[in-house]
Amino acid sequence: MEHLVKLDAVVTGFHVTEQYIDCMCGKNLIKVDKSSGEILFQKEVFEKEGLSRKLIADEGQIFIYDFCTLYILNQKDYELVGKWQLGDDLSSDICGIAADQDTVYCSIRNGKIITLDRQSYQLKEFPVSESSMWSVKIYDAYLVCGTVDGKVLLLDRTTLAAEKELVLEKKNVGSLYLDGDILYAAGHDGKLFKINLRSFEIETFIKNVHKKMFDCAGIYENNLITISYPCSEIAFWNKDTLEKVKGINTPLKLSGRTYIEKDSMYLSSRNILGIDRINLNEVVCQGEKSGF
C-alpha cells in the first residue's frame, strides 16, 4: 500500500482522471497530480466540513450532493455552475446520484427521483418507490436502483417508470457495480448477488461475504473486488462463479471510497489522511494473506 495523497484530513470522495484526482476534503475541493500526489490546486466550496457528501464526475463537470443540496462545478477550475436545494430535512435528503450527458438523477430518501436537465437546469420530480434508493447506476436506456427494502429496480430513463423489479432480500441493497450486462449487488445482510440484466434474473449469490456492510468496489482481471470498511477487509471473488480467490486485511474505518484503474486501486477511508493506492497486480500474485 502506497500513501499517494498526503492531506490534513479525511477525503470523503474523489474522482480519478487520466492525469488528476479531484478530492473532497474538509471544506475544499483539491486537484492532485495522479503520478506524484502533488497538490496542484484547491478551492473552498463548502461552508462547513462534512463526512456524508458524495462526488461523481462526467463530461467535464463535478456533481456533489450534501444532505439536501446538489452542486455542479466545472471540473477544470471548480467554478460553481449551480446549486439546488432538492429537499428540506431527513425525510427528503439526497441518497444517490447518477448522470448522463443530458440529465442528473438524484434519488430522494422518500422514494422519489428528482432530475436536473444539464442544459436548461429544469427540475422534475418522479415518484418511483415506497422505499429509499441508496444506489443508482445507468444501464443502457435505464436506471438501475437498489432499495432499502431489498429490491433492485429497472427504471426507464425517460419516464422513470419501474419496468421491472427483483426482490433480493429484506435488507438494504447498498452497493451496485455494473460490468456490461452483469450487475453485482451487495446486501446489508452479507449476501453478494450476480444478476443478469438482460434476463433480469439472479444467476448466483453467496452468503457471509463480510461480517458487516460492504461495497462492490469493481473488477480487476477476472476478479470482483469487495471491500468492508468496518471489517478492514478487501476480498477477491471469481467474477463468474463468485468463488473466493483471496482476502486481505488492511486498516480501514467505518466508510470510504474506492476507484480501480488498470493495476491500481485508489482508496480513502475515515482513518486515512488523503488517499492510498494499492498495486492490485502485486496483491493478486502474492499468496493468501489472511483467512477471513
Side-chain angles (χ1 to χ4, degrees), residues 1-4 13-18 21 34 56 134-139 144 146 152 166 168-169 173-253 255-269 272 275-292:
M1 177 115 48
E2 172 192 10
H3 190 46
L4 175 67
F14 63 91
H15 179 79
V16 180
T17 68
E18 186 175 347
I21 304 175
K34 191 172 71 174
I56 64 170
W134 284 94
S135 39
V136 182
K137 301 292 182 183
I138 291 173
Y139 168 69
V144 183
V152 170
L166 188 62
L168 301 188
E169 52 180 348
V173 181
S175 176
L176 301 176
Y177 185 80
L178 276 168
D179 182 33
D181 294 328
I182 299 298
L183 177 73
Y184 298 94
H188 278 193
D189 65 351
K191 293 177 185 174
L192 173 63
F193 297 85
K194 179 187 176 186
I195 299 164
N196 187 312
L197 289 177
R198 291 296 180 191
S199 62
F200 214 68
E201 295 178 347
I202 299 170
E203 288 194 354
T204 187
F205 75 93
I206 51 174
K207 301 178 180 179
N208 303 315
V209 173
H210 298 276
K211 291 181 180 179
K212 296 181 180 180
M213 61 184 294
F214 68 98
D215 294 338
C216 298
I219 299 290
Y220 177 68
E221 294 182 345
N222 199 45
N223 302 297
L224 171 72
I225 301 175
T226 60
I227 182 166
S228 174
Y229 298 95
C231 297
S232 292
E233 295 173 348
I234 300 173
F236 295 73
W237 312 85
N238 182 293
K239 73 173 188 175
D240 299 318
T241 65
L242 298 189
E243 292 178 306
K244 190 171 185 178
V245 176
K246 70 180 304 178
I248 61 173
N249 292 102
T250 188
L252 301 169
K253 188 177 181 181
S255 64
R257 303 287 186 268
T258 55
Y259 184 86
I260 295 171
E261 180 192 55
K262 298 180 181 178
D263 289 333
S264 296
M265 181 163 76
Y266 300 86
L267 175 66
S268 69
S269 187
I272 300 170
I275 296 176
D276 285 354
R277 181 166 59 187
I278 298 174
N279 187 315
L280 294 173
N281 183 56
E282 290 180 359
V283 172
V284 170
C285 290
Q286 289 172 356
E288 187 75 20
K289 287 192 173 182
S290 67
F292 73 82

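This structure is a prediction, so every number in the text was calculated from the model and none was measured.
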**OP:** Before giving the answer on side chain to side chain contact (heavy atoms under 4.5 Å, CB included), spell out for R257 and F14 the whole-Å C-alpha distance, their side-chain angles and the decisive distance to 0.1 Å.
**Re:** CA-CA 7 Å; R257 303 287 186 268; F14 63 91; 3.6 Å; yes
Original post:
Does the pair I234 and I278 meet the rule for a side chain to side chain contact (heavy atoms under 4.5 Å, CB included), with working shown?
Top reply: CA-CA 11 Å; I234 300 173; I278 298 174; 3.8 Å; yes
Subject >> Verdict with reasoning, E243 to I206, per side chain to side chain contact (heavy atoms under 4.5 Å, CB included) >> reply: CA-CA 9 Å; E243 292 178 306; I206 51 174; over 6 Å; no
Original post:
Is there a side chain to side chain contact (heavy atoms under 4.5 Å, CB included) between M1 and L267 once you walk through the steps?
Top reply: CA-CA 10 Å; M1 177 115 48; L267 175 66; 4.3 Å; yes
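Inter-residue side-chain proximity for Y177 and I225 is flagged as unmet; no heavy-atom pair is nearer than 4.5 Å. Residues V245 and V284 are not in side-chain contact: their nearest non-hydrogen atoms beyond the backbone lie 4.5 Å or more apart. Between L197 and L178 there is a side-chain heavy-atom pair separated by less than 4.5 Å. Looking at heavy atoms from C-beta onward, V152 lies in side-chain contact with F200 at the 4.5 angstrom threshold. Counting heavy atoms from C-beta on, the side chains of L252 and I227 come closer than 4.5 Å. A 4.5 Å side-chain heavy-atom check between Y266 and L4 finds at least one atom pair inside the cut-off. Using a 4.5 Å cut-off on side-chain heavy atoms (C-beta onward), H188 and V173 make no contact. I272 places none of its side-chain heavy atoms less than 4.5 Å from the side chain of I275.
Applying the side-chain hydrogen bond (donor to acceptor under 3.5 Å, both in side chains) test to S175 and every residue at least two apart in sequence or in another chain returns nothing. In this structure D240 satisfies the salt bridge (Lys or Arg N to Asp or Glu O under 4.0 Å) test with no other residue, sequence neighbours excluded. Scanning for ring pair (Phe, Tyr, Trp, His ring centres under 6.0 Å) contacts around F205 gives F193, with sequence neighbours left out. Every residue meeting the salt bridge (Lys or Arg N to Asp or Glu O under 4.0 Å) condition with D189, not counting sequence neighbours, appears here in chain and number order: K191. Among residues two or more places apart in sequence or in another chain, the side-chain hydrogen bond (donor to acceptor under 3.5 Å, both in side chains) test is passed with D179 by K239. Applying the ring pair (Phe, Tyr, Trp, His ring centres under 6.0 Å) rule to F214 yields the partners H210; only residues at least two apart in sequence or on another chain are considered. With sequence neighbours excluded, no residue satisfies side-chain hydrogen bond (donor to acceptor under 3.5 Å, both in side chains) with Y184. Residues meeting the salt bridge (Lys or Arg N to Asp or Glu O under 4.0 Å) test with E221, sequence neighbours left out: none. Shown here are the side-chain hydrogen bond (donor to acceptor under 3.5 Å, both in side chains) partners of T17, two or more places apart in sequence or in another chain: there are none. Every salt bridge (Lys or Arg N to Asp or Glu O under 4.0 Å) that R277 has, sequence neighbours left out, goes to E2.
Smallest separation of non-hydrogen atoms from I195 and A185: CD1-CB, 4.3 Å. Here the shortest heavy-atom pairing between V144 and L176 reads O-CD1, 3.8 Å. Closest approach of F236 to N223, counting heavy atoms only: CD2-CB, 4.1 Å.
Rounded to the nearest 0.5 Å, atoms NZ (K244) and CG (L224) are 12.5 Å apart. Taking OG1 from T250 and CD from E233, the interatomic distance works out to 11.5 Å, rounded to the nearest 0.5 Å.
Between K34 and E18, none of the side-chain N atoms (NZ, or NE/NH1/NH2) sits under 4.0 Å from a carboxylate O, so this pair counts as no salt bridge.
Under a 3.5 Å cut-off, the side chain of S228 and the backbone N or O of M213 do form a donor-acceptor pair. Side chain of S232 to backbone of N249: no donor-acceptor contact under 3.5 angstrom is found. Looking only at distances, no side-chain donor or acceptor of S268 sits under 3.5 Å from a matching main-chain atom of G256.
Listed by first then second residue, pairs satisfying salt bridge (charged side-chain N to carboxylate O under 4.0 Å, His left out) with a partner in residues 194-206 read D140-R198, D181-R198, K194-E203, not counting sequence neighbours. Within the structure, no pair that satisfies the salt bridge (charged side-chain N to carboxylate O under 4.0 Å, His left out) test touches residues 209-220, not counting sequence neighbours.
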